[in-house]
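Position 1 is the first residue of the sequence, and the numbers go up from there. Keep in mind that the numbers below use all heavy atoms, side chains included, and drop hydrogens, waters and symmetry copies.
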Amino acid sequence: MTTAEAEFLADTATGLPIPGEPVFATAAETRRHRKQRLAAALRLFGKYGFGEGISGHISVRDPEFPDRFWVNPFGVSFKHVKVADLICVDSTGRVVDGKHRINPSAFVIHSAIHDLNPGATAAAHGHTAHSRALGSLGRLLEPIDQESAAFYGRQVLYGEYEGPSVSVELGRDIAAKLGDNRAILLQHHGLITVGGSLDEAVHWFFTYESCAQVQLLAYAAGTPRTFTHEQALAAGAGFGDEQLGWFSFQLLWDEIVAEQPDLLEE
């Protein structure tokens, strides 16, 4: 890198002028921030058509009680969720805060992920069209562009299907297979992404779904050229950067809060 090049690059891993995540003085302030982000993420799922009836859920770990997580309530549309609707669930599936019930599938999947992966502050799950189509082919994302390289070596296919995910054993098996990967594509089911923040986890979900669409389009048209291993690693280091993932969600946050400010009602 030349001196001229270095002068305009920010002091971050990507060279982009990305700020750091906010730090709060108390657990209560952190909790409020996470709940607001969660409600916004759910509205974004609704806006972009990621809803499929009662299916789909996003969770974020409680900052004070690590064995608890906040999640969207059962039977409330993504398009209508407010901060006031969110529920907090403990490790037994008991709703300890909130007036709604929990989707059994949300409990078995998210409780296991948060339990087995301490680094998974948040997890996003949905039955989106392009991810389901890709999973039905038994394929994962291939590194055909910069965005898909964010998942190079960080995704896994889960091919065991025994019906809806409502058993604790199945939830723990999914979480175990996910391991420390960024995404797990559930064949015949849907997609799960995780991150060190809710912002990051949701950004990876949006990106994975978009990349699945691009891959399906590319293979329908012909045989796409993939990156070499070295190229995929280089692209993944940039587009797969955790700080970039976190920051990318901030644009979506600004978008949905400006459009639907009622989501912040407590």
Student: Less than 4.5 Å apart, side chain to side chain, heavy atoms only: is that true for D90 and F65?
Tutor: no
Student: Apply the test side-chain contact (heavy atoms from CB on, under 4.5 Å) to residues T121 and V60: give CA-CA distance (whole Å), side-chain angles for both, the deciding distance (0.1 Å), then the verdict.
Tutor: CA-CA 6 Å; T121 299; V60 63; 4.1 Å; yes
Student: Can we call the ring centroids of F249 and F206 under 6.0 Å apart?
Tutor: no
Student: Is the shortest side-chain heavy-atom distance between P22 and H33 below 4.5 Å?
Tutor: yes
Student: If you define the side chain from C-beta out and look only at heavy atoms, does anything of L137 sit under 4.5 Å from L216?
Tutor: yes
Student: Please find out if less than 6.0 Å separates the ring center of F45 from that of F205.
Tutor: yes
Student: Locate the shortest heavy-atom distance separating V95 from G98; write the atom from each residue and the value.
Tutor: CG1-O, 3.8 Å
Student: What residues, two or more places apart in sequence or in another chain, satisfy side-chain hydrogen bond (donor to acceptor under 3.5 Å, both in side chains) together with D97?
Tutor: none
Student: Restricting to salt bridge (charged side-chain N to carboxylate O under 4.0 Å, His left out), what partner residues turn up for E142, sequence neighbours left out?
Tutor: R139
Student: What pairs meet the salt bridge (charged side-chain N to carboxylate O under 4.0 Å, His left out) rule with one or both residues in residues 189-206, with sequence neighbours excluded?
Tutor: R37-D199
Student: Would you please test K99 and D85 for salt bridge (charged side-chain N to carboxylate O under 4.0 Å, His left out) and show each step?
Tutor: CA-CA 7 Å; K99 60 182 182 292; D85 297 315; 3.6 Å; yes
Student: Among L86, V83, I58, whose side-chain contact (heavy atoms from CB on, under 4.5 Å) with W70 holds?
Tutor: L86
Student: Any donor-acceptor pair under 3.5 Å linking the side-chain atoms of E209 with those of Y48?
Tutor: no
Student: Can a donor-acceptor pair be found between the side chains of N103 and S105 at a distance below 3.5 Å?
Tutor: no
Student: In this structure, which one of I113, D115, V108 forms a side-chain contact (heavy atoms from CB on, under 4.5 Å) with R172?
Tutor: D115
Student: Not counting sequence neighbours, which residues clear salt bridge (charged side-chain N to carboxylate O under 4.0 Å, His left out) with E230? List them please.
Tutor: none
Student: Mind checking the CD-CD spacing from E21 to Q250? Nearest 0.5 Å is all I need.
Tutor: 8.0 Å
Student: Rounded to the nearest 0.5 Å, what separates atom CZ in F247 from atom CH2 in W253?
Tutor: 14.5 Å
Student: Under 4.5 Å between any side-chain heavy atoms of S148 and Q215, yes or no?
Tutor: no
Student: Please examine the side chains of L198 and R34, heavy atoms only from C-beta on, and report whether any two atoms are closer than 4.5 Å.
Tutor: no
Student: What is the minimum heavy-atom distance between R182 and A150, and which atoms define it?
Tutor: NH1-O, 2.9 Å
Student: Could you check R43, K82, K35 and say which one makes a salt bridge (charged side-chain N to carboxylate O under 4.0 Å, His left out) with E265?
Tutor: K82
Student: Any heavy-atom pair between the side chains of V71 and I87 that's under 4.5 Å?
Tutor: yes
Student: Can you run down the salt bridge (charged side-chain N to carboxylate O under 4.0 Å, His left out) pairs that involve residues 47-64, sequence neighbours left out, and say none if there aren't any?
Tutor: R31-D62, R31-E64, K47-E255, K47-E259, E52-R132
Student: Could you go through the side-chain contact (heavy atoms from CB on, under 4.5 Å) check for H114 and S59 one step at a time?
Tutor: CA-CA 9 Å; H114 290 299; S59 68; 2.7 Å; yes
Student: To the nearest 0.5 Å, what is the distance between CD on E266 and CZ on R32?
Tutor: 4.0 Å
Student: State, to 0.1 Å, how close Q187 and S136 come at their nearest heavy-atom pair, and which atoms those are.
Tutor: NE2-O, 3.8 Å
Student: Just do the side-chain contact (heavy atoms from CB on, under 4.5 Å) check on Y208 and L185 with the steps written out, would you?
Tutor: CA-CA 10 Å; Y208 201 104; L185 186 58; 4.0 Å; yes
Student: For H125, check ring-ring contact (aromatic ring centres under 6.0 Å, His included) against everything at least two apart and list the hits.
Tutor: H57, H127, H189
